[in-house]
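Read through the structure below, which is laid out as structure tokens, and then see the notes.
Chain naming here is simple, since letters A, B, ... match the order of the sequence lines and numbering starts at 1 in each.
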Amino acid sequence: MLQQTQVAAVVPYYNRWLRRFPTIRSLARATESDVLHAWQGLGYYARARNLHRCSKLIDEKFGGIFPSDPNELKSLPGIGRYTANAIAAFAFDQPLPLVEANTGRVLARLFNVRDPIDSSSGRRKLWESSAKLVCSKPARDFQNAMMDLGSLICIVRNPRCQICPVRKFCRVRDPASLPRKRKRAAIVPLIESHRLCTIGDALLLEQCYQRWRGMWILPRLELDGLKPSSLSPRPIHTSVFPFTNHRVTLRVYRQRAHHVDPRVQRWFRKEELNAIPIPSPHRRAINAFFTSKRAAESHRKRSLE
DNA sequence: AAGACGGGGTT
DNA sequence: AACCCAGTCTT
């Protein structure tokens, strides 16, 4: 959960997750839909699918025992060099190098790594630096201290060098100038149109196969790129959300259900929507629709009285 | 080596 | 509006 996601955002998900899947086996036995539902809103859903696959592998191939060898850990889906070493270091107290956002920033400054830390040369130098520092005695404590140093003192902006315990070893001149990062890809605007169809209190949704795979969204409408003219119907909902290097404008049109494809589309009653995985922008659009509908109904009721 | 992959919070 | 985040996988 913590991969590319801040601790504060993870905490409530983590607590709910452990209540819902208390053991590796209970996760292994869950459906992918339930797993994605528990993850919805956190983003990077491949992490949830990987963790699910991971639990099945551990349940079936590792006798339910989590491996402690970093190489075995790295062979599991979603566990790369950082996570493998982090599990081995924190759970099993093994002296291994760790480079993530916090320790990466600390190491870049300590060793004055001027290459972008997300370039291959920068990454290589950081891992080499980390390997130089790991000591075997308090392996777990050392890495905890490195991460705390990064999150509390050697912070992104306005690093608190005055109170830094390792200040005299630090080789960087201007700490705020490091770490550097590669220039990021330009933001590409995107317009996506979807339809909102209801029958009674049931809503038509469509299964995703690419982005948000395994989750449910409002059915796609193939008029992307077309400018809304005065002739076309107005969207009942418009929102803008960032998606990796895109800026997506989401337009939702009220429509009758003419083309229902039973292979990928399904009707859900309003209450059922709470139990299926829906990505945040679509969940917000759906909520906005039901909220305005309820408001309209109560207004009509008041007028009748 | 670069791009894809989320979403919410902070500056 | 840009940047940030306990990275990993695919191309």
Side-chain angles (χ1 to χ4, degrees), chain A residues 1-14 36 39-54 70 73-91 96-108 115-124 126-127 130 140 142-152 154-159 176-190 192 208-215 217 239-248 250 277-285:
Chain A
M1 283 182 177
L2 288 162
Q3 291 168 357
Q4 289 290 282
T5 305
Q6 299 185 342
V7 174
V10 162
V11 168
Y13 281 88
Y14 179 77
L36 289 172
W39 204 278
Q40 73 174 351
L42 251 193
Y44 285 153
Y45 297 96
R47 296 178 296 177
R49 289 188 289 268
N50 283 334
L51 191 52
H52 193 204
R53 289 171 57 202
C54 217
L73 287 164
K74 219 171 329 190
S75 75
L76 292 166
I79 299 186
R81 175 148 61 150
Y82 164 71
T83 306
N85 284 10
I87 293 170
F90 292 125
L96 294 164
L98 285 190
V99 178
E100 41 72 73
N102 294 298
T103 60
R105 184 170 53 252
V106 172
L107 293 166
D115 317 56
I117 59 169
D118 49 359
S119 67
S120 42
S121 63
R123 266 194 295 267
R124 180 174 48 74
L126 292 183
W127 280 97
S130 180
R140 177 189 289 139
F142 170 74
Q143 294 297 0
N144 264 324
M146 284 291 284
M147 293 180 70
D148 284 349
L149 187 59
S151 70
L152 299 173
C154 195
I155 52 185
V156 181
R157 281 173 288 264
N158 307 320
S177 70
L178 292 186
R180 294 179 175 173
K181 288 194 178 173
R182 284 202 330 256
K183 270 199 79 82
R184 63 180 57 196
I187 302 288
V188 178
L190 221 53
E192 294 183 353
C208 275
Y209 284 98
Q210 299 209 327
R211 178 200 309 171
W212 296 321
R213 184 154 50 90
M215 305 181 79
I217 59 168
S239 60
V240 178
F241 63 95
F243 187 91
T244 44
N245 62 327
H246 301 286
R247 179 180 315 289
V248 183
L250 170 63
I278 299 174
S280 294
H282 286 252
R283 165 104 35 207
R284 282 193 292 267

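- Distance A:K74 NZ to C:dG7 P: 16 Å, rounded to the nearest Å.
- At least one side-chain heavy atom of A:L51 sits less than 4.5 Å from a side-chain heavy atom of A:W39.
- Within the model, atoms CD1 of A:I87 and CD1 of A:I79 stand 4.0 Å from one another, a figure rounded to the nearest 0.5 Å.
- The minimum heavy-atom distance linking A:P277 with A:G214 is given by the pair CG-O, 3.9 Å.
- Here the closest non-hydrogen pair linking A:A185 and A:N245 is CB-ND2, 4.0 Å.
- Comparing C:dT10 with B:dG6, their P atoms are spaced 14 Å from each other, to the whole Å.
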List the protein contact pattern of nucleotides 5-10 of chain B with one symbol per nucleotide (5' to 3'): B for base contact, S for sugar-phosphate-only contact, - for none; contact means a heavy-atom distance under 4.0 Å. BBSB--
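- Between the CG atom of A:L126 and the C1' atom of C:dA6 there is a distance of 15 Å, rounded to whole Å.
- The nearest whole Å value for the distance from the NZ atom in A:K181 to the C1' atom in B:dG3 is 16 Å.
- Listed in residue order, the members of residues 77-84 of chain A having a heavy atom less than 4.0 Å from DNA chain C are A:P77, A:G78, A:I79, A:G80, A:R81, A:Y82, A:T83.
- Residues that satisfy the side-chain hydrogen bond (donor to acceptor under 3.5 Å, both in side chains) test with A:S151, not counting sequence neighbours, are absent from this structure.
- A gap of 14 Å separates the P atoms of C:dA6 and B:dT11, to the nearest Å.
- A:F241 and A:F243 have perpendicular rings, their planes meeting at more than 60° on a 0 to 90° scale where under 30° would count as parallel.
- What separates CE of A:M1 from C1' of C:dT8 is a distance of 17 Å, to the nearest Å.
- Taking 4.0 angstrom as the limit, A:K183 places none of its side-chain polar atoms (N or O) nearer than this to OP1 or OP2 of B:dG3.
- Residue A:R182 contributes atom CZ, which lies 16 Å from atom C1' of C:dC3 at whole-angstrom precision.
- As a whole-Å value, the separation of A:R213 CZ from B:dA4 C1' is 13 Å.
- Taking 4.5 Å as the limit, some side-chain heavy atom of A:M215 sits within range of a side-chain heavy atom of A:Y45.
- Distance noted for atom P between B:dG3 and C:dC3: 16 Å (whole Å).
- Between A:R123 atom CZ and B:dA2 atom P the separation is 10 Å, expressed in whole Å.
- Backbone-only contact: A:R105 has heavy atoms under 4.0 Å from sugar-phosphate atoms and none from a base.
- Applying the 4.0 Å criterion to OP1 and OP2 of C:dC4, one finds that A:R184 has a side-chain N or O inside that range.
- Contact annotation: the side chain of A:Y82 approaches that of A:L98 to within less than 4.5 Å [non-hydrogen atoms, C-beta and beyond].
- Of all non-hydrogen atoms in A:P97 and A:N85, the two that sit nearest each other are O-ND2, 2.9 Å.
- For A:R140 and C:dA6, the CZ to P distance is 21 Å, given to the nearest whole Å.
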